[in-house]
Amino acid sequence: MNATHQEKPERDQSILDEMTASRQEWLERRQSLDDLFADERPSAGTRDWGGRVTNRVKKGNVWQALRDIHVHEGGQLPATTTHALTKDEIADLRGTLVKTQSQGETRRLLDTDRLVLLSGAPETGKATTALAALLEWGGSATWIIPHGASTPHPRDWKLEPGQGYVLDLADTPDSVDRVITAVRRAGIDTDSRVIVLVPEHTKSSVAPAVDHDLPSSRELFAKHLAVCAPRARLDQNDQQLLEKELQAYSTPWQVVELARQTAAAVQSGVSIDEMLSRRLRRMSEKVGKDLDQRTPVLGRCFMTSIAVLHGLPEAEVSGAALALAELLDARWRRDHAPRPFRLWERLPLWLEYVDAEATPAAGPGNGRIIRLKRPSLAAVMLRVIWEDHPTIRDPLIDWLHGLSGDGSRHTRIRVGHAVGKLATFDFDVVEERFIRIWSQSRRARDHQLAALALEAAAENPSLTRRVHLHLRSMIGGRDAEKAIAIRAYASSIGLSVPDQALAAFRTLVLTRGGKFHQEVAQSIAYLYRADTSHAILNHLADWVGEGGQVGRRSAALTFVRLAASIAPTPERPHLSELDPHPSLVTLWRNALSYEEGGRLVVPESWDLLLSEWLRHYAERPAVREVADKIFSLTEGRNARRALLYLRLWDHQGEISTDLHHHLRRLVHRS
């Protein structure tokens with residue numbers, strides 16, 4: 001992630017070098033998150049109800065992450081949108097539905113009450129129950145979808161007579177009374193019905209509340225298996241194995257995921273036992289048994305170390321294992337029960353113990369790196385260590401803080417994401433013992449760690465909205481908290497709500513002077529995508545036109561990072577590949593001319609104009625159109641600068657003589 005205001009970037013690092021380093025870091029972060037979360041991401045439709053998760057909504061996409069459905073259409077998003085279930089989704093839901101007592105009770109209340117609360121624990125299928133009750137009542141159901149940290153308000157959506165709606169407030173318990181009172185006052189004067197999903201044990205004087213109950217796991221599994229693999233025939237042994245597996249799960253989405261994986265195994269000829277051996281529960285059991293074995297302390301510390309530092313050099317992984325062992329030993333000695341550990345142990349024994357391997361690093365003389373043969377084991381190890389061994393939590397927390405304090409950038413990424421993974425087990429503890437401490441620091445590396453932890457926590461759909469709410473409070477907090485929020489938005493968190501991120505950046509840029517300009521510029525560079533480009537360019541143009549000197553400065557710093565395209569892809573195309581945006585000329589001229597103390601704020605802008613823009617002059621009409629306007633509107637000091645650069649480029653053979661004369665004439669005419 002980017003540098004903060006407390007630590008100045010290297011003066012001799014060019015924009016291109018900076019963007020190259022940022023891209024490498026983004027890729028490393030993505031790989032780290034994939035290692036920690038890939039095996040826990042359910043396939044489509046398993047988190048809350050049986051329909052497909054991905055659907056087309058006009059020009060954008062809608063996808064459901066447990067309780068939230070996020071919609072993105074490339075332009076500015078309202079605080080909420082609505083999404084009516086399609087015929088296929090309704091058929092999917094009805095075909096796999098297992099009725100519950102709470103569904104029947106909710107359905108009966110809809111006959112007399114226009115607003116009903118459905119309360120229950122997270123990941124228990126409340127949405128399925130609500131949708132099914134509405135379908136039974138009126139034959140249709142529509143989601144009211146809040147975006148990011150926005151709080152839904154009745155003025156943002158219109159209730160149609162005879163329609164049923166689901167509104168999810170499970171992540172915002174403090175706003176339940178306020179929102180449902182507003183709904184009661186403003187939104188339910190028609191024959192519509194609204195079911196509000198709320199946290200467990202929530203009661204209200206405004207509307208009746210129903211306590212949600214779980215569907216039968218056995219029935220849910222059978223229905224989904226029948227839909228996914230209607231011809232599947234399981235023998236008695238397979239049924240017993242699956243019955244035992246089902247007993248370990250308490251949430252419907254886990255049962256549905258098991259049914260889908262079972263169907264895939266049957267259809268591909270894989271045995272049920274082999275399929276189950278690759279599931280998290282079996283792996284957790286194995287890790288737990290390994291930890292319970294009477295192996296040397298260092299072996300178990302090595303398991304903990306590789307769970308956090310998987311993929312890093314051998315010296316870092318083994319050194320961290322030794323540091324943890326020393327912390328544990330110090331803790332035991334304070335309890336007057338010294339337990340010495342053996343130092344003379346062979347690495348191959350450790351590798352076999354954790355099912356890992358040491359492979360040569362890229363390039364000669366760079367040592368070896370330690371990798372888990374199955375990277376997803378890292379997440380399993382962290383869960384078992386954290387949940388099943390509470391006596392080592394305090395030294396584990398101290399150890400993680402120690403690793404993050406002096407480690408390399410690669411170590412910080414792994415530690416920050418590991419802490420974020422722990423947040424998916426206990427967010428409150430992680431917030432208190434890590435994020436709050438890092439939020440009180442003045443060190444850039446601590447701000448980076450907090451942002452990495454929040455980035456990882458948001459990978460869990462159950463925590464995504466909670467992270468959004470946390471960031472919204474941090475944007476209004478102290479400078480350190482602002483710096484963390486800016487960094488955290490340079491992730492999938494910001495990509496899910498780009499307009500909210502850009503609005504937060506605008507506030508910081510225009511109210512905090514130049515304090516956060518570099519950080520904001522780099523975060524916006526991360527958010528740049530084909531479908532966010534117009535919103536970003538519009539924001540930058542507003543900063544130039546309305547933000548005075550601070551706005552112009554930040555717009556220039558940000559725009560050159562967008563212009564410094566590194567390895568363009570269809571998702572992140574070069575600016576010159578897009579249709580000409582009306583603000584491009586304004587943004588180029590600002591970057592090429594904005595000065596402070598008689599010096600250009602971004603002198604690299606002229607080199608970028610040549611290397612990343614004018615080199616496409618001949619083959620891209622959009623480039624010719626924009627470039628001609630840039631040089632036609634040049635005046636005063638910048639006109640002299642333009643003529644100087646044109647002469648230099650012509651002398652060095654960087655541009656053709658014809659292009660040199662053409663652009664020179666445009667400058668003189670201006």
Side-chain angles (χ1 to χ4, degrees), residues 1-7 21-38 40 305 307-312 316 320 375 378-379 382 386 396-397 399-427 429-460 463-464 466-468 470-471 474-475 477 480-496 501 516 518-520 522-523 525-527:
M1 294 188 180
N2 41 5
T4 67
H5 56 279
Q6 285 87 358
E7 296 183 8
S22 294
R23 180 175 181 273
Q24 291 171 345
E25 183 185 310
W26 299 338
L27 294 174
E28 186 175 348
R29 282 162 46 197
R30 188 67 260 163
Q31 183 61 57
S32 173
L33 292 173
D34 286 343
D35 289 344
L36 284 175
F37 290 91
E40 299 182 43
S305 179
V308 175
L309 303 178
H310 155 75
L312 295 189
E316 288 194 52
L382 283 174
W386 180 262
L396 178 65
I397 290 171
W399 175 71
L400 288 169
H401 275 297
L403 279 182
S404 63
D406 301 314
S408 66
R409 172 175 62 86
H410 312 290
T411 299
R412 289 199 298 276
I413 290 174
R414 291 293 183 175
V415 171
H417 283 169
V419 170
K421 186 67 182 181
L422 297 180
T424 67
F425 313 147
D426 194 330
F427 190 92
V429 169
V430 167
E431 197 281 328
E432 178 184 354
R433 301 293 297 274
F434 289 100
I435 297 176
R436 189 177 303 172
I437 292 172
W438 289 331
S439 300
Q440 295 169 351
S441 170
R442 293 181 57 83
R443 299 201 312 170
R445 65 176 61 236
D446 290 338
H447 303 163
Q448 179 193 35
L449 287 161
L452 287 165
L454 291 169
E455 174 186 37
E459 288 286 302
N460 185 315
L463 291 178
T464 302
R466 184 168 183 176
V467 172
H468 278 293
H470 199 75
L471 290 179
M474 295 184 88
I475 281 290
E481 292 174 309
K482 290 181 171 69
I484 291 168
I486 294 170
R487 293 168 177 272
Y489 275 128
S491 68
S492 59
I493 301 171
L495 285 175
S496 68
F516 296 105
Q518 294 282 357
E519 299 93 318
V520 166
Q522 292 188 30
S523 290
Y526 176 88
L527 297 179

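Index from 1, following the sequence.
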Can you name the side-chain contact (heavy atoms from CB on, under 4.5 Å) partners of Glu28, sequence neighbours left out?
Arg409, His410, Ile413
Hey, can you tell me if His401 and Phe434 have their rings parallel, tilted or perpendicular (30° and 60° cut-offs)?
parallel
Verify, without hydrogens or angle tests, whether Lys482 (side chain) and Gly477 (backbone) share a donor-acceptor contact under 3.5 angstrom.
yes
Are Asp35 and Arg414 ion-paired here, with the side-chain N under 4.0 Å from a carboxylate O?
yes
Side-chain donor or acceptor of Ser523 paired with backbone N/O of Tyr489 under 3.5 Å:
no
Separation between CZ (Arg443) and CH2 (Trp438), nearest 0.5 Å, reads 11.0 Å
From Arg412 atom CZ to Leu403 atom CG, the distance as rounded to the nearest 0.5 Å:
12.0 Å
Which atoms form the tightest heavy-atom contact between Arg436 and Glu432, and what is the distance?
CB-O, 3.8 Å
So, His447 side chain and Ser441 main chain: donor-acceptor pair closer than 3.5 Å or not?
yes
Interatomic distance, CZ@Arg466 vs CG@Asn460, rounded to 0.5 Å, equals 11.5 Å
For Glu316, enumerate each residue passing the side-chain contact (heavy atoms from CB on, under 4.5 Å) test, keeping only those at least two apart in sequence or located in another chain.
Leu312, Pro313, Ser408, Thr411
Leu471 to Ala485 - nearest heavy-atom pair and separation:
CD2-CA, 3.9 Å
Are the side chain of Thr464 and the backbone N or O of Ala458 linked by a donor-acceptor pair below 3.5 Å?
yes
With sequence neighbours left out, the residues meeting ring pair (Phe, Tyr, Trp, His ring centres under 6.0 Å) with Trp399 are none
Donor-acceptor under 3.5 Å (Arg487 side chain, Leu452 main chain):
no
Minimum heavy-atom distance between Arg29 and Ala490, given as atom pair plus value
NH2-O, 2.5 Å
OG of Ser439 to NE2 of His470, rounded to nearest 0.5 Å, is 6.0 Å
Nearest atoms (heavy-atom pairs only) where Leu527 meets Ala501:
CD1-CB, 3.9 Å
Starting at CG of Leu449, measure out to CD1 of Ile484 and round the result to the nearest 0.5 Å.
9.5 Å
Examine distances only and state if a side-chain atom of Lys421 and a backbone atom of Leu36 form a donor-acceptor pair shorter than 3.5 Å.
yes
Looking only at non-hydrogen atoms, find the nearest pair between Val415 and Leu400 and report the distance.
CG1-O, 3.7 Å
Heavy-atom distance under 4.5 Å between the side chains of Val430 and Phe425, does that happen here?
no
Shortest non-hydrogen pair, Ala453 vs Val419, comes out as CB-CG1, 4.0 Å
Roughly how far, to the nearest 0.5 Å, is CG of Leu33 from OG of Ser491?
8.5 Å
